[in-house]
Enquirer: 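Below you'll find the structure I mean.
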Amino acid sequence: MEMISVCVIIGVVLGVCLLVRRLNELWYLVKLGGRAYKSLPPGDLGWPVIGYSFSSYKTFIVQEDPISFIQSLHSRYGKGGMYKTHLYGNPTVIVTNPEICRRIYLDEANFKQHYPKSVKILEGSSGDFSNMDHKIAYKVMASPMNGYEVLSNYVDFIEEVIAKGLEEWSSMMREPIKLVDEIGILFFKVITKIFLGSQLDAKTMVELHTLYKELSFGMVMSTFPYDFPGFTFHQLLKARRKIENTIQGVVEEKIRRFENDKTSEVQCQVDKLVVAINENGAKLYSNNFIRDLILGIFFAGHSTPAIAACWALLHISQNPHVFQKAKEEQESIIRQRPSVQKGLTLNEIKQMKYLTKIINEVLRRNTITATNFRETKTDVNINGHFIPKGWTVQIWNIAVHMDPQIYSNPQEFNPSRWDNYTPKPGEFIPFGLGSRFCPGSELAKLEITILLHHFILNYKMEGVNLESNNNQMPSPRPENCLCKIIRLS
Ligand code: HEM
C-alpha cells in the first residue's frame with residue numbers, strides 16, 4: 001500500500017514538473033497561434049521565465065565551453081543554424097549559420113540592436129547618446145580611428161607606449177604580471193590620447209581601468225537588473241556613476257579651456273565635439289552626449305583589443321614554429337629599413353602578411369565578441385522559419401568561427417589556414433557586419449600588430465598557464481594568466 005502511495009506521489013510530482021516545463025511552449029502556442037508556432041525555428045523554450053538561462057550560464061561560466069551549448073543544439077535539432085530558446089526572460093532565436101548571421105547583421109529594416117539592461121548601461125545615463133541618429137553617432141566614433149592617414153599619425157605614439165610597457169614588464173622580471181590587465185592599461189593610454197588629446201594621469205587611468213573591470217564583471221553577473229543595495233546591478237550603477245563623474249570632469253575642463261581662450265588649438269576628437277556648432281551657432285553636441293560617447297568608447301577601446309593581444313601572445317609563445325616564422329618575417333622587414341628610419345611605419349605594417357594571419361587566427365580561435373544581440377522590429381521570415389516581432393536574436397559569431405565544416409579542426413591554432421584563403425561572406429565576423437561594424441577594428445589590429453612586432457623581436461614569455469583560469473564572460477579571455485616577460489639579450 002505504502003509502495004503504491006509513493007509511486008502515486010512520484011507520478012504526480014513528475015506530471016506537475018512536466019506540465020510546468022511545457023508552460024512556456026503552451027503560452028507561446030496560444031499567443032502566436034498554431035500555424036505560426038509550428039513555423040518557429042526548431043528548439044525548446046524550456047522552463048517558464050528562466051527558460052534555458054541556467055544552461056547558458058552553466059556553459060559560459062561554469063564549464064567555460066559555450067561551444068558545447070551549440071553542439072547540443074546541433075545534435076538535438078539538426079544543423080539548420082536557427083534555434084528557438086528562452087534566455088534571460090526573453091523568447092530568443094540563436095543563429096549559428098554564417099549566411100543567416102550575415103543576413104541579420106545587414107537587415108536594418110527588420111532588426112535593431114538590442115542588449116540586456118545590464119549591457120545597455122554602457123550607453124550612459126542621459127540618453128543623449130543613444131537617442132542620437134546612429135549614422136551621426138557612428139561617424140563621430142569612427143572618424144578618429146579609420147583611414148590610412150589617421151592611423152599613420154598614431155603609429156609613433158602606439159609604438160612608444162608599447163615599447164615602454166614591455167620594457168617595464170621585463171624590468172619587473174621577478175614579479176609575474178597579469179597580462180590582460182597590463183595590456184589593457186597600455187591600450188587605455190592609446191584610446192585616451194586619441195579621444196582626449198593627452199593622457200590621463202597614471203592614478204586616474206588605473207582607477208578608471210579598475211572601474212571598467214567592475215563594470216564588465218557586473219554586466220555579466222547581474223542576472224537581476226534591479227537597483228537595490230546588495231544587487232550586482234546596484235554596484236554596476238555605482239561604478240558607472242564614478243566613471244561618468246571622472247569623464248565629466250575632463251570634458252568640463254576642456255569646455256572651460258575653449259571658453260577662456262577662443263584661439264585654443266583643437267587637438268583631439270573631444271575638442272572637435274566641444275567646439276562644434278550648428279548653422280545657428282548653437283552647440284552641436286551636448287556635454288552629456290560627449291561624456292556618454294567617451295564612456296562607451298573607453299570601454300570598447302581597451303578591453304577587447306587587450307584580450308585579443310593577450311591571446312595572440314599566448315598562442316605564439318606556445319607554438320614555437322609560429323613564433324619562429326613570425327620572427328623571420330619581422331627581421332626581414334627590419335633588414336630592409338633605411339638606416340635613418342627610427343620606428344615602424346604603416347607601410348612596413350602592411351608588409352606583415354604572416355602576422356596578419358596570426359591576428360586573423362586569434363580573432364577566429366578566440367572570438368572575443370562571442371555573440372551579438374538584435375531584436376526583431378517586425379515579424380520576420382527566414383528560410384521558412386518565423387521569428388515574431390519583439391523576439392531577441394542572438395548572433396553566435398563564435399559558433400561560425402568554430403564550425404568544423406568551415407574551419408577544419410577549429411580548436412587548433414593554425415595561422416597557415418589563412419594561406420590563400422578568403423572566407424565566404426559571413427564566415428569571418430569578429431567585428432560584426434553592416435552599419436554597426438566595429439569602428440575600432442583597424443585601430444585594434446594596429447595595436448596588436450605593434451605589440452607583437454616588439455615582443456617577437458625582443459622578448460619571450462615564461463610562466464604561462466593557458467589551460468586554466470580562462471573566463472568566457474563577458475568575452476573569452478585568459479583572465480588570470482600570470483606570466484613573466486623576459487627581454488632577450
Ligand atoms: C579585437 C578587438 C575588438 C573586437 C573583437 C570588437 C568587436 C566588435 C563587434 C563584434 C562589434 C559589433 C557589435 C554589434 O553588431 O552589435 C563592435 C562594435 C563596436 N566597437 Fe568594437 N571590437 C574591438 C575593438 C574595438 C576598439 C579598439 C574600439 C574603439 C575604440 C571599438 C569600439 C566599438 C564601438 C564604439 C562599437 C559600437 C558600434 C555601433 O554600435 O555602431 N571596438 N565591436
Side-chain angles (χ1 to χ4, degrees), residues 95 101-108 111-116 119-120 122-124 129-130 132-146 150-151 154 158 180 183-184 186-196 212 216 268-270 292-313 356 358-375 392-398 400-401 426 428-452 474-477:
V95 181
C101 290
R102 176 174 169 271
R103 189 167 154 183
I104 293 171
Y105 270 130
L106 298 180
D107 184 355
E108 279 183 65
F111 296 91
K112 60 179 178 185
Q113 204 182 34
H114 162 83
Y115 280 91
V119 177
K120 276 183 135 177
L122 282 174
E123 288 176 352
F129 179 69
S130 44
M132 169 75 80
D133 176 68
H134 177 249
K135 280 203 177 80
I136 299 175
Y138 191 87
K139 205 169 160 205
V140 169
M141 292 187 285
S143 59
M145 297 189 286
N146 283 280
V150 174
L151 290 175
Y154 304 142
I158 299 175
V180 79
I183 303 175
L186 298 190
F187 290 174
F188 211 119
K189 288 183 184 170
V190 174
I191 198 74
T192 50
K193 169 89 173 159
I194 291 175
F195 277 84
L196 300 179
Y212 272 113
S216 61
C268 63
Q269 185 66 356
V270 167
D292 292 347
L293 166 94
I294 298 299
L295 187 141
I297 284 280
F298 279 8
F299 179 82
H302 81 289
S303 63
T304 31
I307 295 163
C310 188
W311 280 123
L313 290 178
T356 305
I358 292 180
I359 295 172
N360 279 352
E361 183 64 350
V362 168
L363 294 170
R364 179 202 68 80
R365 173 63 185 78
N366 303 95
T367 310
I368 317 293
T369 309
T371 59
N372 282 128
F373 293 71
R374 295 293 185 266
E375 183 187 309
T392 300
V393 175
Q394 278 192 15
I395 306 170
W396 274 60
N397 306 325
I398 191 171
V400 173
H401 293 168
F428 185 54
I429 43 177
F431 297 108
L433 276 176
S435 68
R436 303 233 169 222
F437 180 79
C438 174
S441 63
E442 290 305 311
L443 175 68
K445 286 190 273 185
L446 183 66
E447 291 174 319
I448 300 167
T449 304
I450 297 178
L451 176 61
L452 292 181
S475 316
R477 63 205 158 133

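All ligand and atom numbering here is 1-based and tracks the order in the structure.
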Enquirer: Which of the atoms in ligand 1, numbered in the order shown and given with their element, are less than 4.0 Å from a heavy-atom of R374?
Expert: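 What qualifies from ligand 1 is 14 (C), 15 (O), 16 (O).
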
Enquirer: Among the heavy atoms of E447, does any lie under 4.0 Å from an atom of ligand 1?
Expert: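 Per 4.0 Å heavy-atom rule, E447 does not contact ligand 1.
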
Enquirer: Just need the protein heavy atom nearest to atom 12 (C) of ligand 1, so name the residue and atom and give the distance.
Expert: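 For this ligand atom, the closest protein heavy atom is R436 O, 3.5 Å.
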
Enquirer: Check whether any side-chain N or O of N397 sits under 3.5 Å from a backbone N or O of T369 as a donor-acceptor pair, and report yes or no.
Expert: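 Yes, N397 side chain to T369 backbone: donor-acceptor pair under 3.5 Å.
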
Enquirer: Can you check whether L452 reaches I359 side chain to side chain, under 4.5 Å on heavy atoms?
Expert: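 Touching, per the 4.5 Å side-chain cut-off.
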
Enquirer: How would you list, by chain and number, every residue that makes a ring pair (Phe, Tyr, Trp, His ring centres under 6.0 Å) with F437, sequence neighbours excluded?
Expert: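 None.
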
Enquirer: Using a 4.0 Å heavy-atom threshold (strictly under), name the region of H302 that reaches ligand 1: side chain, backbone, both or neither.
Expert: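 Under 4.0 Å from ligand 1, H302 contributes no heavy atoms.
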
Enquirer: Tell me the protein heavy atom at minimum distance from atom 5 (C) of ligand 1, and give that distance in Å.
Expert: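 Minimum-distance protein heavy atom for atom 5 (C) of ligand 1 reads P430 O, 3.6 Å.
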
Enquirer: Return yes when F437 approaches ligand 1 closer than 4.0 angstrom through a heavy atom, no otherwise.
Expert: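 The answer is no: ligand 1 sits nowhere under 4.0 Å from a heavy atom of F437.
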
Enquirer: Going by heavy atoms in the side chains, are S435 and Y138 under 4.5 Å from each other?
Expert: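 Answer no - side chains too far apart.
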
Enquirer: If I apply the N/O under 3.5 Å rule, does N397 come out as touching ligand 1?
Expert: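 No, no N or O pair falls under 3.5 Å.
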
Enquirer: When rounded to the nearest 0.5 angstrom, what distance separates NZ in K112 from NE2 in H134?
Expert: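 One finds 14.0 Å between NZ of K112 and NE2 of H134.
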
Enquirer: By side chain to side chain contact (heavy atoms under 4.5 Å, CB included), which residues pair with S143, not counting sequence neighbours?
Expert: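 With neighbours one apart ignored, the set is Q269.
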
Enquirer: Pairs under 3.5 angstrom only: tabulate donor-acceptor contacts from the side chains of residues 186-195 to other protein residues two or more places apart or in another chain.
Expert:
| unit_1 | atom_1 | unit_2 | atom_2 | d |
| --- | --- | --- | --- | --- |
| T192 | OG1 | F188 | O | 2.9 |
| T192 | OG1 | K189 | O | 2.9 |

Enquirer: Ignoring hydrogens and angles, tell me if any N or O in the side chain of N366 forms a donor-acceptor pair with the backbone of A308 under 3.5 Å.
Expert: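 Flag not set: sc N366 to bb A308 has no pair under 3.5 Å.
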
Enquirer: Quick test: of every protein heavy atom, which one is nearest to atom 35 (C) of ligand 1, and how far off is it to 0.1 Å?
Expert: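 The answer is M141 SD, 3.4 Å.
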
Enquirer: At a cut-off of 2.8 Å, list the protein N/O/S atoms near atom 21 (Fe) of ligand 1, residue plus atom name.
Expert: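 Only C438 SG fall inside 2.8 Å of atom 21 (Fe) of ligand 1.
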
Enquirer: For the 3.5 Å polar cut-off, considering only N or O atoms, please tell me whether Y138 and ligand 1 meet it.
Expert: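 So ligand 1 has no N or O lying under 3.5 Å from an N or O of Y138.
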
Enquirer: Work out whether the distance between some heavy atom of H134 and some atom of ligand 1 is less than 4.0 Å.
Expert: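 Contact check H134 vs ligand 1: positive.
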
Enquirer: With no hydrogens and no angle check, is any side-chain donor or acceptor of Y212 less than 3.5 Å from a backbone partner on L295?
Expert: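 Confirmed, Y212 side chain pairs with L295 backbone.
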
Enquirer: Measure the CG-OH distance between L443 and Y154 for me, rounded to the nearest 0.5 Å.
Expert: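 Rounded to the nearest 0.5 Å, the CG-OH separation comes to 7.5 Å.
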
Enquirer: Should G296 be listed as contacting ligand 1, given a heavy-atom distance under 4.0 Å as the test?
Expert: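 It does not, in that no heavy atom of G296 comes within the 4.0 Å cut-off of ligand 1.
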
Enquirer: Any chance you could measure I398, atom CD1, to N372, atom CG, to the nearest 0.5 Å?
Expert: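 That separation rounds to 12.0 Å.
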
Enquirer: Any side-chain heavy atom of F428 sitting closer than 4.5 Å to one from T367?
Expert: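 F428 vs T367: side chains apart.
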
Enquirer: Please identify which atoms of ligand 1 are closer than 4.0 Å to at least one heavy atom of Y105.
Expert: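 The list of qualifying atoms is 15 (O).
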
Enquirer: Please confirm whether the backbone N or O of V393 pairs with a side-chain atom of R374, one donor and one acceptor, at under 3.5 Å?
Expert: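 No, R374 side chain to V393 backbone: no donor-acceptor pair under 3.5 Å.
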
Enquirer: Starting at CG of L446, measure out to OG of S441 and round the result to the nearest 0.5 Å.
Expert: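 One finds 11.0 Å between CG of L446 and OG of S441.
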
Enquirer: Which atoms from ligand 1 have a heavy atom of M145 less than 4.0 Å away?
Expert: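 Those atoms are 29 (C), 30 (C).
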
Enquirer: Where's the contact between F187 and ligand 1, heavy-atom distance under 4.0 Å: side chain, backbone, both or neither?
Expert: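 It is neither; nothing of F187 touches ligand 1.
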
Enquirer: Given side chains that start at C-beta, do those of M145 and I297 come closer than 4.5 Å, heavy atoms only?
Expert: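 Yes, side chains in contact.
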
Enquirer: For atom 13 (C) of ligand 1, find the nearest protein heavy atom and state the residue, atom name and distance (0.1 Å precision).
Expert: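 Among all protein heavy atoms, the one nearest atom 13 (C) of ligand 1 is N372 ND2, 3.4 Å.
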
Enquirer: As an exercise, identify every atom of ligand 1 less than 4.0 angstrom from a heavy atom of I191.
Expert: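 Reading through ligand 1 atom by atom, the close ones are 30 (C).
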
Enquirer: Give the contacting part of I307 toward ligand 1: side chain, backbone, both or neither, where contact means a heavy-atom distance below 4.0 Å.
Expert: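 Answer for I307: neither.
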
Enquirer: Which of the atoms of ligand 1 are close to Q113, meaning less than 4.0 Å from one of its heavy atoms?
Expert: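 Near Q113, meaning under 4.0 Å from one of its heavy atoms, ligand 1 has 14 (C), 16 (O), 40 (O).
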
